[in-house]
Asker: 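Below is the structure I would like to discuss, written out as structure tokens.
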Amino acid sequence: MTWTEPIVAHPGFSASDGPREEDMYKCVHCGFCLQACPTYLETGLETESPRGRIALMKAVNEGRIGITPQVYRHWDLCIQCRACEVACPSGVPYGNLIEATMSEVEQRRKKGLLARVVGTFVLNSIMPKQGRLEFVASGLRLYQSSGLQSAVRKTKILTTLAPGLAELEMSTPTVSQRRFQARGQVYPANGEARARVAILSGCIMPLMHGPEMDAAVRVLTRNGCEVEVTEGQGCCGAIHSHVGDLDRARELARNNIDAFEVRGVNAVIIASAGCGARMKEYGHLLEGDPDYAGRAASFSATVKDIHEYLVELPFTPPTGRVEKRVTYQDSCHLANAQKITDAPRAILNSIPGVELVEMERSDVCCGAGGTYTITERDFSLRVLDSKMKNVGKTGAGVLATANPGCVLQLQYGTQRYGPPVEVTYVTDLLDKAYQREDC
């Protein structure tokens, strides 16, 4: 399946959203990033490393090469996991660089049919509109519950007609019957209130993981938080940023700032690592907007990952037992972008009965990467295969993580490669332990 068609060379970065020279030239090509990069680990190719991709950015910036398909193919293959930022001794803000570079690519790329469908229809017409997303989710749930999905898979009709589509269909997540909606509802704290917080509902998570969002709310209320699910909030803009649509990402950021900042809460809680990373960086995203720059920076300071916030409260350790051998997969945008690695482990270690077994290279990406699992399917699965082999080595029965994209990717990994582990959120296990206190 062809994602793009060739375009003519276009030397230099010309758009206002291009990568900054001062960020590019911080890279001294030391190579510390190589062993942190999942695409380099899979290929061993310099061009599929952060160092190599920055070298290409510099070459474009200096007019030595143009932004051709042969060049931006290497940028496309970046999962944007940002593990290189953690490894870099020079403090290169690679996330900002690749985001700005993809914005330049997006303006020059001649798109094929699949790109136009995903970019124009799904990302711009569906994801920002929760009502439309719910309509699509309802159709998918009908497809799954009516027996049609079972028939399609048994007859293998898609495998015959469209093998690429058949592969995507096999990884389609099950739509939750219970949806989590942002209607301005408020959940009271259990006992004396310690804080009033708002929680991001987001776009995909409330449809695919409604019960898991309920569990996150219960965990917060159990720890003395009054929780508001703010009306008017929406998609955080992370996926749009990743594919280079910074204008739409800014539009979505402004909407969320408008929705949340007037609520007078102690914190805006995020249960999705990717959303948290994007929202904590609204200040950078909107720094050129005179009306929102200051507001964005102030808003981002109130954003808290749910694990981070619970540990800071601090949360009350549960007494209910969960007899499970658990391993933890670091979600890239929690560990690398937000630098949060200890808090999820502290929560898991607080649960009686949980045996936490560390996974080899738990900090390496699982290959989800927002739309990456669709646009770069073969490479996404290659990275996933390596991840599942490391999961298998732990002997764990439960694989915990902190991001919906990771959960969906890892669940498919258990089906395609094994081992048959239960994939869940850290907060689900904590919620289960709290519920067992009453048993």
Side-chain angles (χ1 to χ4, degrees), residues 180 182 184-202 205-206 209 211-230 233 236 256 260-261 263-282 298-322 326 328 330-331 333-335 337-354 356 400-404 424-438:
F180 187 85
Q185 68 271 35
V186 176
Y187 297 89
N190 289 8
E192 183 179 353
R194 301 167 65 188
R196 179 180 172 86
V197 301
I199 191 168
L200 177 76
S201 174
M205 198 169 174
H209 298 148
E212 290 79 0
M213 287 297 297
D214 289 333
V217 170
R218 284 195 298 269
V219 164
L220 289 167
T221 58
R222 171 66 175 75
N223 283 283
C225 296
E226 185 178 79
V227 181
E228 174 189 290
V229 191
T230 307
Q233 60 168 295
C236 71
N256 279 325
F260 284 113
E261 71 176 356
R263 304 310 303 165
V265 294
N266 298 103
V268 178
I269 305 299
I270 316 296
S272 164
C275 298
R278 175 69 283 176
M279 295 175 74
K280 285 184 176 182
E281 295 176 351
Y282 276 176
S298 297
F299 171 77
S300 290
T302 71
V303 174
K304 292 285 185 179
D305 169 72
I306 190 169
H307 312 87
E308 171 189 30
Y309 188 72
L310 286 169
V311 170
E312 288 178 355
L313 266 174
F315 73 101
T316 302
T319 57
R321 298 188 64 82
V322 178
V326 179
Y328 176 69
D330 283 286
S331 295
H333 283 83
L334 188 60
Q338 300 184 60
K339 308 298 189 291
I340 297 171
T341 56
D342 292 340
R345 290 174 169 85
I347 291 171
L348 290 171
N349 280 319
S350 76
I351 302 173
V354 163
L356 179 60
T401 191
N403 187 61
T424 188
Y425 291 93
V426 172
T427 45
D428 284 344
L429 292 172
L430 181 57
D431 178 59
K432 185 177 292 185
Y434 282 143
Q435 293 193 48
R436 290 186 177 177
E437 291 177 340
D438 303 323

Asker: Tell me the closest heavy-atom pair linking G276 and V303, and the distance in Å.
Answerer: O-CG1, 4.3 Å
Asker: Can you tell me how far the OG1 atom of T341 sits from the CG atom of D330, to the nearest 0.5 Å?
Answerer: 6.5 Å
Asker: Quick one: closest heavy-atom pair of T230 and A182, and the distance?
Answerer: O-CB, 3.5 Å
Asker: Between the main-chain N or O of N190 and the side-chain N or O of R222, is there a donor-acceptor pair closer than 3.5 Å?
Answerer: no
Asker: Evaluate whether atom CG of D342 has more than 12 neighbouring non-hydrogen atoms of other residues, nucleotides or ligands under 6.0 angstrom away.
Answerer: no
Asker: What is the distance from atom OG1 of T427 to atom CD of E212, rounded to the nearest 0.5 Å?
Answerer: 8.5 Å
Asker: What pair of heavy atoms forms the shortest contact from A400 to V426, and how long is it?
Answerer: CB-CG2, 4.0 Å
Asker: Where do M205 and F180 land on the side-chain contact (heavy atoms from CB on, under 4.5 Å) test, with the steps shown first?
Answerer: CA-CA 8 Å; M205 198 169 174; F180 187 85; over 6 Å; no
Asker: Look up atom CD1 in I199 and atom CD in E228, then write down how far apart they are to the nearest 0.5 Å.
Answerer: 11.5 Å
Asker: Measuring from L430:CG to S350:OG, what's the distance to the nearest 0.5 Å?
Answerer: 6.0 Å
Asker: Mind checking side-chain contact (heavy atoms from CB on, under 4.5 Å) for T302 and listing every partner two or more places apart, or none if nothing turns up?
Answerer: V268, F299
Asker: Restricting to ring-ring contact (aromatic ring centres under 6.0 Å, His included), what partner residues turn up for H307, sequence neighbours left out?
Answerer: none
Asker: Quick one: salt bridge (charged side-chain N to carboxylate O under 4.0 Å, His left out) partners of R218, sequence neighbours excluded?
Answerer: D431
Asker: Which residues satisfy the salt bridge (charged side-chain N to carboxylate O under 4.0 Å, His left out) test with D214, sequence neighbours excluded?
Answerer: R178
Asker: Could I get the full list of side chain to side chain donor-acceptor pair (under 3.5 Å) partners for Y282, not counting sequence neighbours?
Answerer: N256
Asker: Excluding sequence neighbours, so at least two apart, what forms side-chain contact (heavy atoms from CB on, under 4.5 Å) with V354?
Answerer: V322, V326, I351
Asker: Quick one, V265 and F260 - any side-chain contact, counting heavy atoms below 4.5 Å?
Answerer: no
Asker: With rounding to the nearest 0.5 Å, note down the distance linking CZ in R263 to CZ in R196.
Answerer: 6.5 Å
Asker: For Y309 and I270, run side-chain contact (heavy atoms from CB on, under 4.5 Å): C-alpha distance rounded to whole Å, both residues' side-chain angles, the deciding distance at 0.1 Å, then the answer.
Answerer: CA-CA 9 Å; Y309 188 72; I270 316 296; over 6 Å; no
Asker: Where do D428 and A215 come nearest, in terms of heavy atoms and distance?
Answerer: OD1-CB, 3.4 Å
Asker: Which residues satisfy the side chain to side chain donor-acceptor pair (under 3.5 Å) test with E281, sequence neighbours excluded?
Answerer: R82
Asker: At what distance, to the nearest 0.5 angstrom, does CD of E308 lie from CD of Q338?
Answerer: 6.5 Å
Asker: Kindly write out the residues that satisfy ring-ring contact (aromatic ring centres under 6.0 Å, His included) with Y425, not counting sequence neighbours, or none if the list is empty.
Answerer: H209
Asker: Just list the side-chain donor-acceptor pairs under 3.5 Å for residues 310-320, sequence neighbours left out, or say none.
Answerer:
| residue | atom | partner | partner atom | Å |
| --- | --- | --- | --- | --- |
| E312 | OE1 | K304 | NZ | 3.2 |
| E312 | OE2 | K304 | NZ | 3.4 |
| T319 | OG1 | E437 | OE2 | 3.2 |

Asker: Can you name the side chain to side chain donor-acceptor pair (under 3.5 Å) partners of N403, sequence neighbours left out?
Answerer: S272
Asker: Can you list everything that forms a salt bridge (charged side-chain N to carboxylate O under 4.0 Å, His left out) with D305? Sequence neighbours excluded, please.
Answerer: none
Asker: Identify, with sequence neighbours excluded, every residue that meets salt bridge (charged side-chain N to carboxylate O under 4.0 Å, His left out) alongside R321.
Answerer: E323
